[in-house]
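We name chains A, B, ... by the order of the sequence lines, and we start the count at 1 in each one.
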Amino acid sequence: SYAADIISTVEFNHSGELLATGDKGGRVVIFQQEQENKTPSHSRGEYNVYSTFQSHEPEFDYLKSLEIEEKINKIRWLPQKNAAQFLLSTNDKTIKLWKISERDKRPEGYNLKEEDGRYRDPTTVTTLRVPVFRPMDLMVEASPRRIFANAHTYHINSISINSDYETYLSADDLRINLWHLEITDRSFNIVDIKPANMEELTEVITAAEFHPNSCNTFVYSSSKGTIRLCDMRASALCDRHSKLFEEPEDPSNRSFFSEIISSISDVKFSHSGRYMMTRDYLSVKIWDLNMENRPVETYQVHEYLRSKLCSLYENDCIFDKFECCWNGSDSIVMTGSYNNFFRMFDRNTKRDITLEASRENNKPRTVLKPRKVCASGKRKKDEISVDSLDFNKKILHTAWHPKENIIAVATTNNLYIFQDKMN
Amino acid sequence: QEKEAVTPERAEEAKLKAKYPSLGHKPGGSDFLMKRLQKGQKYFDSGDYNMAKAKMKNKQLPSAGPDKNLVTGDHIPTPQDLPQRKSSLVTSKLAG
């Protein structure tokens with residue numbers, strides 16, 4: 001299979017009807033859920049391909065001798081305002097606003113043109129008719145409406161649309177910029193952590209997101225495990241944070257790996273806006289925005305990897321960037337792991353489950369079987385030992401439908417959509 | 001006397017240091033992050049290329065070394081030496 005097929009981002013739109021994926025080859029594939037009246041009452045609609053287009057192309061920056069990958073790092077949907085859908089997609093350097101619109105009728109019966117578009121000889125026209133719209137097979141067209149370029153020296157890791165639906169932020173390793181969706185030739189720099197002397201660089205920005213309700217508030221996470229909350233009303237440049245979230249480290253536990261595994265790979269606000277979730281290499285943490293000194297909940301994703309850090313450092317897996325997501329009611333959080341496993345944590349019952357996304361082990365329309373990894377000692381039947389895990393099969397990207405119990409899980413180059421069993 | 005229990009992380013650290021004794025003490029420091037910031041850097045330098053071309057007008061051009069993929073040093077890189085960019089026209093498997 002093609003390396004270009006590697007899925008690099010997955011995102012439901014605000015209604016959950018559409019699911020967008022971006023891949024390493026710069027393409028976007030959008031799936032649409034089947035409408036309700038077409039599905040049997042005991043299951044929700046299936047997702048079928050709705051539109052596919054090339055969002056970004058590879059580029060070479062000759063001035064800096066830099067190859068710019070076409071890989072789509074993030075997709076974010078705008079809320080729907082009219083018949084068309086809009087999304088932002090970004091690679092390392094350039095953000096694009098795409099309009100996806102449907103065409104299901106076309107005009108027919110022109111007086112001066114044949115049906116195939118050729119012009120008729122006007123002298124042959126003896127009667128006049130009124131052209132009418134006739135139905136045609138649905139055509140979904142994607143067109144780039146805005147291109148936001150040349151604002152990032154470093155690699156873009158996040159984009160986030162503000163709750164005002166007019167502005168959005170884009171974050172790279174060292175800077176965060178604020179854009180207006182209508183304006184492409186200008187952006188405002190709101191965070192800059194580049195040191196005057198690059199030798200003093202100790203920390204980079206790993207993710208950023210706007211608060212879901214407060215249009216003046218955003219957060220950004222760092223490679224040192226900290227999250228900074230900033231208020232744009234405080235000053236034009238938000239280098240000084242309003243809040244700093246950091247869990248104190250146990251100095252006796254410090255090792256060569258401590259900082260690397262504390263690096264936050266994803267940060268997501270809860271839908272309510274009261275909490276935020278961070279993902280570091282081994283765990284998921286829930287933070288109450290009112291409490292900066294420690295998370296309120298911590299969930300171990302794959303603690304058994306702590307005794308494998310040496311080999312995970314050697315094969316670079318320790319640098320894998322896992323994402324995380326909330327369900328619609330903020331009661332369950334989900335994140336990926338290795339061996340095509342993904343994990344869900346129920347915040348209320350404190351129960352967790354490990355499931356596998358793979359064709360060999362799951363027949364369609366059957367309930368997924370919970371998995372268990374045996375860390376050490378005697379392996380029980382149906383358990384998988386840590387040493388048998390396939391570290392090339394990583395689930396980095398997952399998404400949860402905003403309203404229903406439908407999840408999208410991306411393995412290296414396959415997309416799985418699972419739904420809750422309905423009675 | 002009781003020996004202090006070694007945490008799994010410290011045990012892994014010892015393993016790594018045994019394999020790579022020259023490993024620095026600041027893994028999150030400058031070198032490591034600089035490498036991350038420089039992702040995508042290629043060795044082709046169009047400035048060097050054009051300067052060298054001008055200088056070399058009367059001299060014999062050095063031929064490519066045995067490893068044609070390694071474009072550095074005295075060898076004058078050409079755009080053809082860069083790894084081929086793949087075509088982006090292949091349809092995604094997901095849409096197939």
Side-chain angles (χ1 to χ4, degrees), chain A residues 1-5 7 21 23 25-29 31 49 51-52 54 56-58 60-70 92 154-155 173-174 198-204 223-224 252-261 263 306-314 319 413-415, chain B residues 4-51 71-72 77-96:
Chain A
S1 59
Y2 294 107
D5 277 338
I7 297 168
T21 61
D23 68 23
R27 290 165 306 210
V28 171
V29 181
F31 299 85
V49 177
S51 170
T52 169
Q54 188 74 33
H56 288 71
E57 296 277 357
F60 195 88
D61 182 340
Y62 290 100
L63 198 63
K64 294 178 190 165
S65 283
L66 207 67
E67 184 173 58
I68 301 167
E69 267 193 297
E70 66 275 37
D92 282 341
Y154 302 99
H155 299 109
D173 290 314
L174 297 178
M198 283 297 269
E199 301 277 307
E200 290 161 27
L201 180 71
T202 56
E203 192 171 20
V204 295
S223 53
K224 276 182 149 176
S252 64
N253 269 342
R254 189 162 177 80
S255 76
F256 174 84
F257 303 110
S258 300
E259 194 174 301
I260 301 173
I261 63 172
S263 177
R306 202 178 288 268
S307 46
K308 300 287 171 198
L309 292 178
C310 178
S311 49
L312 292 168
Y313 179 88
E314 289 180 288
F319 303 108
N413 44 23
N414 278 308
L415 181 72
Chain B
E4 199 185 273
V6 181
T7 65
E9 235 178 272
R10 286 275 178 86
E12 290 296 296
E13 181 182 31
K15 242 193 261 179
L16 193 68
K17 293 217 162 129
K19 279 194 186 181
Y20 310 101
S22 59
L23 205 57
H25 290 287
K26 273 193 73 181
S30 199
D31 294 337
F32 171 59
L33 290 177
M34 287 302 285
K35 192 172 130 185
R36 179 192 173 131
L37 295 182
Q38 277 165 15
K39 177 188 92 161
Q41 204 83 35
K42 290 278 186 244
Y43 293 114
F44 176 77
D45 187 320
S46 59
D48 279 349
Y49 172 70
N50 286 305
M51 292 265 300
V71 177
T72 56
T78 62
Q80 291 87 273
D81 291 335
L82 294 178
Q84 267 284 322
R85 289 215 304 269
K86 57 202 172 310
S87 157
S88 50
L89 292 175
V90 179
T91 320
S92 166
K93 196 167 81 110
L94 292 181

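Both the backbone and the side chain of A/N253 come within contact range of chain B, each with at least one heavy atom under 4.5 Å from a heavy atom of that chain. Proximity to chain B is limited to the backbone of A/S252, based on heavy atoms less than 4.5 angstrom apart. With a 4.5 angstrom heavy-atom cutoff, A/L312 does not touch chain B via any of its atoms.
Contact between B/L37 and A/M198 at its shortest, heavy atoms only, is CD1-CE, 3.6 Å. Nearest approach of B/K15 to A/C310, heavy atoms of both residues: CB-SG, 3.9 Å.
The side-chain contact (heavy atoms from CB on, under 4.5 Å) test applied to B/K19 returns A/E314, not counting sequence neighbours. Scored by the ring pair (Phe, Tyr, Trp, His ring centres under 6.0 Å) test, B/Y20 finds no partners at all (sequence neighbours excluded).
For the pair B/L16/A/L309, no side-chain contact is recorded, criterion being any heavy-atom separation below 4.5 Å from C-beta on.
The side-chain hydrogen bond (donor to acceptor under 3.5 Å, both in side chains) test with A/S255 is passed by exactly one of B/E12, B/R10, B/E9: B/E9.
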